[in-house]
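The chains referred to below are lettered A, B, ... by the order of the sequence lines, with proteins before strands, and numbering in each begins at 1.
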Number of protein chains: 2
Amino acid sequence: MQITRAGEYGVLGLLHLARRGPARMALIDDISRDEEIPKSFLAKIFQSLVKAGVVQSYRGTGGGFALTRKPSDITVLEVIEAIEGKIALQRCQLEVPDCEHMEGCALCGLFERAQDRVRAVFAGTTLADLITTEATLPAKTRHIRKLQPAAFK
Amino acid sequence: MQITRAGEYGVLGLLHLARRGPARMALIDDISRDEEIPKSFLAKIFQSLVKAGVVQSYRGTGGGFALTRKPSDITVLEVIEAIEGKIALQRCQLEVPDCEHMEGCALCGLFERAQDRVRAVFAGTTLADLITTEATLPAKTRHIRKLQPAAFK
DNA sequence: TTGATTTAGGACTAAGATTGTCCTGTTGAT
DNA sequence: ATCAACAGGACAATCTTAGTCCTAAATCAA
């Protein structure tokens, strides 16, 4: 399963929240504008993140979304799998395997090993890690367009 | 990019050829029957493998396909990428990158690392390796349904 | 040389996934 | 009550996957 835009947008949205510092809220509207992600699509994605317990939502005036944990406690794997379901490099590896072959076949085993590597990379990277990396990149090449998103009103 | 059936079928088809031993030919018809792969789809897949130089085709009566190299010299990466194009875990990593962000962003870098791991796993596994692994699996769980494909006529 | 066999290649199609949009709730603050 | 903001479902456009089908080209054999 390829990492889709949904997963990518989810990570970008959370990075936006993480950059705001602890317990700061952001509106879907603001995140969507600053990160250039279609608003209604991002709203849908954040629903998954709320269900997964990565962010908490607050409705009504003064509401928005906030991280439930420190950025250093949120892995990219968790975020992506909350949005896309378990990463599966091939149909053998789906939660409900779609494979005519018996378990344990040589090719399925290979796919499994490759997939484990991918998951390990994502499991070993937190939102905080990404932010640290960003800081070491030349400004023009950063993923983030606005380092100072509009202040919480 | 997820490994599609085309890639999977390609590897299975080549494994079939590899199991026949050196310089033994097989017809699309036979491979397709023995491996339970739709014939016209497999034919299309093998066209890519011919172009990539992994197999050679012979037309006419007594024709078919044969490997151009030893199974131990053909990696799974080569096969899959011949069929599907370069493995790209995300649109940032496509041959023609489809990504609004500048090069070198933290998230794209992460995707690249994950992708490199996948490619390394596939690059480190040859058709011969898969056949060796098969032999260590209990017979009922093998990918292969017929260890003795119809003899070359 | 005629015909049977086998791959080559392009056009086409059905089904499913992705990437959204839109509308109607529901919740909370003032 | 009313406004602000998220929740959730239905819907739709586009793209990808997973094929099919048909005609052509190459090869061999009678």
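Put simply, A:Q47 has no side-chain N or O that comes within less than 4.0 Å of OP1 or OP2 on D:dA7. Taking side-chain N and O atoms only, B:S57 has no distance below 4.0 Å to OP1 or OP2 of C:dT6. Taking side-chain N and O atoms only, B:S40 has a distance below 4.0 Å to OP1 or OP2 of D:dT20.
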- side-chain contact (heavy atoms from CB on, under 4.5 Å) evaluation trace for B:K39 with B:R33: CA-CA 8 Å; B:K39 178 180 165 180; B:R33 187 183 339 99; over 6 Å; no
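Remark: C1' of C:dT18 and CD1 of A:I3 are 14 Å apart, rounded to the nearest angstrom. Atoms CG (B:L42) and C1' (D:dA18) sit 13 Å apart, rounded to a whole Å. The distance from atom CD of B:E84 to atom P of D:dG19 is 13 Å, rounded to the nearest whole Å. For A:I83 and C:dT18, the CD1 to P distance is 13 Å, given to the nearest whole Å. With rounding to whole Å, B:I31 atom CD1 is found 13 Å from C:dT6 atom P. Spacing between atom CG of B:D29 and atom C1' of C:dA4 amounts to 14 Å, rounded to whole angstrom units. Between the P atom of C:dG20 and the CD1 atom of A:I28 lies a distance of 14 Å, rounded to the nearest Å. A:L49 places its CG atom 14 Å from the C1' atom of D:dC6, with the value rounded to the nearest Å.
Using a 4.0 Å cut-off between charged side-chain N and carboxylate O, A:R69 and A:E78 make a salt bridge.
Taking all atoms of both residues into account, the shortest heavy-atom contact from A:G64 to A:M25 is N-SD, 3.8 Å. Of all heavy-atom pairs between B:E81 and B:I87, the closest is OE2-N, 2.9 Å.
Checking D:dA18, C:dT18, C:dA8 against the side-chain heavy atoms of A:T4 singles out C:dT18 as nearest. Checking D:dA5, D:dG8, D:dT20 against every side-chain atom of A:K51, the shortest atom distance belongs to D:dG8. Ranking D:dC3, D:dA29, D:dG19 by closeness to the B:Y9 side chain, first place goes to D:dG19. For B:R5, whose side chain is taken as the heavy atoms from C-beta onward, the closest listed nucleotide among D:dA4, D:dC6, D:dA18 is D:dA18. The side chain of B:P38 lies closest to D:dT20, out of C:dA8, D:dC3, D:dT20.
Among the candidates A:T132, A:T126, A:T125, the single residue satisfying the side-chain hydrogen bond (donor to acceptor under 3.5 Å, both in side chains) test with A:D129 is A:T126.
Residue contacts for A:F65: at a heavy-atom cut-off of 4.0 Å it reaches the sugar-phosphate backbone alone, with no base atom in range.
Side-chain atoms of B:R59 and base atoms of C:dT7 include a donor and an acceptor less than 3.5 Å apart. Judged by distance alone, with hydrogens and angles left aside, A:K44 brings a side-chain donor or acceptor within reach of the base of D:dG9, the pair sitting under 3.5 Å.
Of the two residues near DNA chain D, B:G60 and A:Y58, the one whose nearest nucleotide lies more 5' is A:Y58.
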